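Reviewing the structure listed below.
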2 protein chains.
Amino acid sequence: MKFKLAFIGFGVVGQGLAEILYSKEEELREKYDFEFEVLAISDVKLGSIYNKDGVDLGKILELVDEGGKISDYPEGKTGLDSIETIKDTEADTIIEVTFTDMETGGPALEHVKTALNEGKHVVSTNKGPVAQEVNQLLDLAERNDAHYKFEGTVLSGTPAINLAMKNLAGCEINEIKGIVNGTTNYILSKMEESMGYQEALDKAQELGYAEADPTGDVEGIDAQGKTLILSNTVMNADMDLEEVERKGITDITKEDIEEAKEGNKRWKLIAQSKRTDDGIEAKVSPEKIPLDHPLAGVMGPTNAITFSTDHLGEVTIIGPGAGKEETGYALMVDLLSINDELKG
Amino acid sequence: MKFKLAFIGFGVVGQGLAEILYSKEEELREKYDFEFEVLAISDVKLGSIYNKDGVDLGKILELVDEGGKISDYPEGKTGLDSIETIKDTEADTIIEVTFTDMETGGPALEHVKTALNEGKHVVSTNKGPVAQEVNQLLDLAERNDAHYKFEGTVLSGTPAINLAMKNLAGCEINEIKGIVNGTTNYILSKMEESMGYQEALDKAQELGYAEADPTGDVEGIDAQGKTLILSNTVMNADMDLEEVERKGITDITKEDIEEAKEGNKRWKLIAQSKRTDDGIEAKVSPEKIPLDHPLAGVMGPTNAITFSTDHLGEVTIIGPGAGKEETGYALMVDLLSINDELKG
């Protein structure tokens with residue numbers, strides 16, 4: 001079927017998806033019967049455009065690449081803000097890729113609600129709304145015959161959520177243990193190569209893995225949000241962010257790393273969510289993982305999750321946890337999955 | 001929806017599924033809207049039963065557990081052979097779990113064809129028909145509005161095929177590399193703990209990982225069949241078994257293992273299928289894997305596959321490769337996936 005798309009936000013991730021859509025248009029039609037038109041784009045910095053007959057994605061990407069504004073696109077209406085773009089255009093599917101605000105959900109929460117209330121599908125890599133009220137949003141989607149997908153909120157395009165929700169259907173998942181933050185995993189990997197914490201952090205910043213203010217990563221805040229998402233989706237919990245215990249990696253020393261090594265273990269920042277008699281318990285904390293466990297071998301910025309199940313024991317998926325193309329692809333697979341479900 | 005099931009074969013794997021169906025009947029209905037009745041079972045050794053109102057799965061499992069025959073079940077028609085059970089009963093979904101014959105497909109091939117020709121869905125863990133003519137069978141299924149699923153032919157219930165075909169939709173998979181035989185991986189793991197080949201094989205036989213005649217495993221024949229299946233499904237090839245090059249692990253010595261270790265590598269029997277300018281090339285052979293690759297950390301009877309993709313780079317899944325419950329579950333997830341597709 002043919003999707004009429006609107007991008008809310010057109011930063012790195014949005015552009016990542018746009019590039020995949022643009023370069024694979026023909027293949028997507030032939031292989032998956034997936035067709036699309038981009039009707040609208042609205043971005044806080046780059047301005048907005050709306051054309052009910054569709055815009056030329058190639059030209060838009062060129063424009064942005066050359067430092068231009070989306071509102072410079074020659075044909076269409078400019079000046080619509082994000083809510084107007086969601087409500088007042090003929091787009092039937094909203095790609096929500098604005099900035100993440102874990103504490104309140106931010107404007108993204110309003111974007112998702114508005115779209116679902118209009119019966120429009122939403123694909124999003126935005127952790128805010130999912131962390132805040134995923135179950136309410138999924139209910140809202142169902143009531144309005146719309147789909148809400150967010151594979152990219154955890155492990156970017158690596159299919160962690162779909163794996164748990166679809167491929168492991170019929171299994172009871174009793175515990176999730178994962179490496180869900182690439183920056184801290186990179187730092188710990190480098191410390192094992194004998195760098196100190198500060199040196200490893202500098203290196204991560206130099207490579208663009210860590211931001212100038214690394215707090216969100218190294219204090220486990222990013223991982224905490226993802227743990228909440230995994231708990232509230234895969235584990236069917238209904239928790240708030242504060243209920244996920246959190247401890248980062250800033251206290252780990254070279255000596256700790258050496259000591260673990262001697263015991264055939266390796267420090268990892270582990271996101272954990274498990275079923276207990278008192279409900280789901282979730283936390284983020286550094287943990288010494290035995291070297292023969294699949295998570296121990298996951299080095300550098302790579303991410304991984306182990307699902308402990310009744311029928312299969314442990315199933316582990318390992319893949320990228322970030323990146324423009326990788327996260328853009330998460331939106332692509334969400335769109336294909338809606339396409340599949342609508343075809344029936 | 002409600003499935004009317006017929007088991008063709010009721011050995012370990014069939015019973016594995018039956019136990020899951022029996023123990024999770026209520027959960028499957030509530031959570032997945034999946035309902036079922038078992039109308040018929042036909043097994044070469046245990047006899048057959050057909051009752052259009054359904055048989056009591058609990059009683060059947062009890063009967064078999066106590067060493068009885070299925071044909072001893074009190075209510076229903078006995079004596080139907082496999083083809084009659086497929087054609088002449090009201091079952092709409094066939095669970096094909098007879099013995100595997102990789103060379104010809106064996107009676108299983110006839111079973112699958114007969115069922116699909118009748119417009120009946122087939123779920124199967126039987127490698128024979130998939131290896132022989134998967135593409136023709138999938139065409140036949142489509143022409144008859146039926147579904148043919150076989151997740152359990154590779155990595156038992158670990159969702160390798162679904163991961164590649166569904167969760168990685170939109171990605172180009174350029175190479176598959178996997179550990180798809182648990183017996184040989186167990187032997188190689190034990191050899192690293194300083195056992196000789198023969199001692200490790202004895203141990204594998206003692207634990208039931210290896211058969212009395214271990215040729216199928218140690219010469220790579222089992223892995224060859226799975227490589228063919230991955231090539232013809234995930235990689236869209238149309239190959240015959242002979243086109244998959246094969247070398248087993250019987251030549252690997254303790255010295256080889258030590259030498260690899262010194263170079264920070266580890267021997268694994270690797271199933272490989274890759275896209276080249278001349279089409280798909282597939283082979284099974286022992287390979288030295290760098291210790292920092294996810295496949296290197298997969299020890300004992302565990303299986304794993306790494307998919308190399310355009311958008312995500314490498315994505316690896318690790319999980320069990322065999323077992324009664326694990327393989328029975330593969331059929332369960334196939335049934336749930338048909339249920340999903342029929343609901344639309």
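Convention: sequence-line order gives letters A, B, ...; per-chain numbering from 1. Predicted, not measured: the structure shown is a model, and the values here were computed from it.
Remark: side-chain polar atoms of A:Tyr329 are paired, donor with acceptor, to backbone N or O of B:Leu168 under 3.5 angstrom. Not one N or O on the side chain of B:Tyr32 forms a donor-acceptor pair closer than 3.5 Å with the backbone of A:Ala169.
With respect to chain A, the highest number of heavy-atom pairs below 4.5 Å among B:Leu28, B:Thr302, B:Ile20 belongs to B:Ile20. Contact count versus chain B (heavy atoms, under 4.5 Å) is highest, among A:Pro294, A:Gly16, A:Pro159, A:Gly319, for A:Pro159. Options A:Leu312, A:Val333, A:Thr158, A:Leu163 differ in how many heavy-atom pairs under 4.5 Å they form with chain B, and the most are formed by A:Leu312. With chain B as partner, the option from A:Ser337, A:Ala330, A:Cys171, A:Gly157 having the largest number of non-hydrogen pairs under 4.5 angstrom is A:Cys171. Between chain B and the residues A:Thr327, A:Asp310, A:Val298, A:Thr306, the largest count of heavy-atom pairs under 4.5 Å involves A:Asp310.
Looking at every heavy atom in both residues, A:Lys24 comes nearest to B:Glu172 through NZ-N, 3.8 Å. Closest approach of B:Pro320 to A:Glu314, counting heavy atoms only: CD-O, 3.9 Å.
Looking at B:Leu291, neither its backbone nor its side chain comes within 4.5 Å of chain A, counting heavy atoms on both sides. Using a 4.5 Å cut-off between heavy atoms, A:Leu336 touches chain B through its side chain atoms alone. A:Glu325 touches chain B through backbone and side chain together, each having a heavy atom under 4.5 Å away. The part of B:Asp292 that comes within reach of chain A is its backbone (N, CA, C, O), which places non-hydrogen atoms under 4.5 angstrom from that chain. Proximity to chain A is limited to the side chain of B:Glu27, based on heavy atoms less than 4.5 angstrom apart.
Residues B:His293 and A:Met299 fail the side-chain proximity criterion, which asks for heavy atoms closer than 4.5 Å.
For the atom pair A:Lys324 NZ and B:His311 NE2, the distance stands at 13.0 Å (nearest 0.5 Å). Residue B:Lys166 holds its NZ atom at 8.0 Å from CG of A:Asn167, rounded to the nearest 0.5 Å.
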For side-chain contact (heavy atoms from CB on, under 4.5 Å), just list the numbers for B:Ile318 and A:Val315, CA-CA rounded to whole Å, side-chain angles, deciding distance to a tenth of an Å, and then say yes or no. CA-CA 6 Å; B:Ile318 304 174; A:Val315 173; over 6 Å; no

